[in-house]
Amino acid sequence: LRALAMQHLNDLQERWRGTDAFALKLFWRDAGHAPKIENDCRDLLLEQLRDRLKPLNILVGREHGAAQDKRVDLCAEFMHDGRRIALPIEVKKQDHRELWTAWRDQLQRLYTVDPDAQGCGLYLVLWFGVKTASHPEGLKPRDAEQLRIALEERIPAADRHRLAVQVLDLSWPEA
């Protein structure tokens, strides 16, 4: 389920950046001068990911209830052999103050404990190329790929098979 969701997110990223409709602008205010807020971006992702996965009988919802009265940003789920399989997805913008710890403090600690998730989850970060939260060691990633690598390195090797990091490049193209 995680690999399928990630592939569809990659496909969406390519469409947003490459089609004549240039749908990347949906994530921005003022033609590339300021990204929209995190929840607005999450809702755009939800709508487009939901449309792609629904024909596969995979439901995607937002603010899905989790343990300890918490709510995960997005959750993909489907039934297989009478059993629910869930994928919690924690979404953060690159400038969020908890960017470097949310994979652990939210996704892993609060959301992957869902028995239907079996300890698996997706940490989805939105890269806009502006105002990136500084890495705890003081480094600033220059692009979406550097951010993905830096975030993955923070996840203990023993957990990387269950917790995936995906960084969507929503940066405004340079003229």
Side-chain angles (χ1 to χ4, degrees), residues 1-19 22-49 52 60 62 71-76 87-112 117 119-175:
L1 182 57
R2 184 178 64 226
L4 183 63
M6 291 175 74
Q7 182 58 54
H8 279 279
L9 288 165
N10 281 334
D11 293 347
L12 283 168
Q13 175 183 264
E14 288 179 25
R15 288 189 56 78
W16 297 327
R17 298 189 76 78
T19 64
F22 190 58
L24 185 64
K25 64 187 173 197
L26 297 172
F27 294 91
W28 288 82
R29 293 178 284 144
D30 305 324
H33 295 295
K36 288 187 176 178
I37 64 170
E38 184 176 289
N39 285 344
D40 289 349
C41 293
R42 178 211 53 213
D43 291 346
L44 286 166
L45 286 168
L46 167 65
E47 180 180 340
Q48 294 191 26
L49 190 59
R52 287 176 148 259
V60 183
R62 72 178 178 109
R71 303 187 80 66
V72 65
D73 287 320
L74 299 173
C75 187
L87 174 68
I89 304 171
E90 180 60 28
V91 180
K92 288 284 182 262
K93 277 178 60 182
Q94 69 178 47
D95 61 349
H96 197 283
R97 62 184 171 81
E98 295 171 355
L99 171 70
W100 298 100
T101 58
W103 66 268
R104 177 192 64 225
D105 296 343
Q106 290 179 272
L107 181 62
Q108 186 176 44
R109 187 171 66 83
L110 300 173
Y111 309 136
T112 64
C120 295
L122 175 59
Y123 187 41
L124 181 62
V125 177
L126 311 177
W127 170 266
F128 290 94
V130 293
K131 300 179 186 175
T132 305
S134 291
H135 188 281
E137 282 82 45
L139 305 171
K140 277 207 178 208
R142 291 186 310 268
D143 58 33
E145 182 62 11
Q146 277 191 350
L147 179 57
R148 183 192 61 77
I149 292 167
L151 285 166
E152 282 180 351
E153 288 174 348
R154 298 191 64 76
I155 299 173
D159 294 329
R160 290 183 193 158
H161 70 285
R162 293 176 303 138
L163 301 174
V165 175
Q166 185 166 12
V167 179
L168 290 180
D169 185 356
L170 303 173
S171 62
W172 197 261
E174 295 184 29

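Atoms considered below: every heavy atom in the structure, side chains included; atoms not considered: hydrogens, waters and symmetry mates.
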message: Working note: Q106 + Y123, criterion side-chain contact (heavy atoms from CB on, under 4.5 Å); need CA distance, chi angles, decisive distance, verdict.
response: CA-CA 10 Å; Q106 290 179 272; Y123 187 41; over 6 Å; no
- request: Check ring-ring contact (aromatic ring centres under 6.0 Å, His included) between W127 and all other residues, then give those that pass, not counting sequence neighbours.
  value: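 Counting only residues at least two positions away or on another chain, W127 forms no ring-ring contact (aromatic ring centres under 6.0 Å, His included).
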Main chain of [Y], side chain of [X]: is a donor-acceptor contact present, judged purely on distance under 3.5 Å?
X    : Y    : answer
Q94  : G129 : yes
D169 : A144 : no
K93  : K36  : yes
R62  : L74  : no
R17  : S171 : yes
E90  : L107 : no

How long is the span from the [atom1] atom in [X] to the [atom2] atom in [Y], to the nearest 0.5 Å?
X    : Y    : atom1 : atom2 : value
D43  : E38  : CG    : CD    : 10.5 Å
Q166 : R2   : CD    : CZ    : 10.5 Å
L147 : K140 : CG    : NZ    : 11.5 Å
R42  : L49  : CZ    : CG    : 13.0 Å
H8   : L12  : NE2   : CG    : 8.5 Å
W16  : Q13  : CH2   : CD    : 7.5 Å

message: Measuring only between side-chain heavy atoms, which start at C-beta, is L26 closer than 4.5 Å to Q48?
response: yes
task: Evaluate the side-chain contact (heavy atoms from CB on, under 4.5 Å) criterion for residues R52 and D11: first the C-alpha distance (whole Å), next the side-chain angles of each, then the deciding distance (0.1 Å), finally the verdict.
output: CA-CA 10 Å; R52 287 176 148 259; D11 293 347; 3.7 Å; yes
- prompt: Are E14 and N10 linked by a side-chain donor-acceptor pair shorter than 3.5 Å?
  reply: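 N10 and E14 do not have a side-chain donor-acceptor pair below 3.5 Å.
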field: Evaluation steps, side-chain contact (heavy atoms from CB on, under 4.5 Å), between I89 and D73
entry: CA-CA 6 Å; I89 304 171; D73 287 320; over 6 Å; no
Taking all non-hydrogen atoms of both residues, which atom of [X] and which atom of [Y] are closest, and how far apart?
X    : Y    : value
P88  : C120 : CD-O, 3.3 Å
L168 : L9   : CD2-O, 3.8 Å
L1   : A76  : CD2-O, 3.6 Å
P35  : W28  : N-CE3, 3.5 Å

Contacts table for residues 155-164: side-chain donor-acceptor under 3.5 angstrom, sequence neighbours left out:
unit_1 : atom_1 : unit_2 : atom_2 : d
D159   : OD1    : R162   : NH2    : 2.4
D159   : OD2    : Q108   : NE2    : 3.1
R160   : NE     : E152   : O      : 3.1
R160   : NE     : I155   : O      : 2.7
R160   : NH2    : E152   : O      : 3.4
R160   : NH2    : E153   : O      : 3.4
R160   : NH2    : I155   : O      : 2.9
H161   : ND1    : A158   : O      : 3.1

query: For atom CZ of R15, is the number of surrounding heavy atoms from other residues, nucleotides or ligands below 6.0 Å larger than 12?
result: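 Atom CZ in R15 is not packed in, count stays at 12 or less.
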Within 6.0 angstrom of E47 CD, more than 12 heavy atoms from elsewhere: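 For E47, atom CD is not crowded (no more than 12 foreign heavy atoms under 6.0 Å).
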message: Could you check whether F22 and W172 have their ring centres less than 6.0 Å apart?
response: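 Between F22 and W172, which both carry aromatic rings, the centre distance is below 6.0 Å.
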task: Starting from the C-alpha separation in whole Å, work towards a yes-or-no answer on side-chain contact (heavy atoms from CB on, under 4.5 Å) for L45 and L126.
output: CA-CA 10 Å; L45 286 168; L126 311 177; 3.7 Å; yes
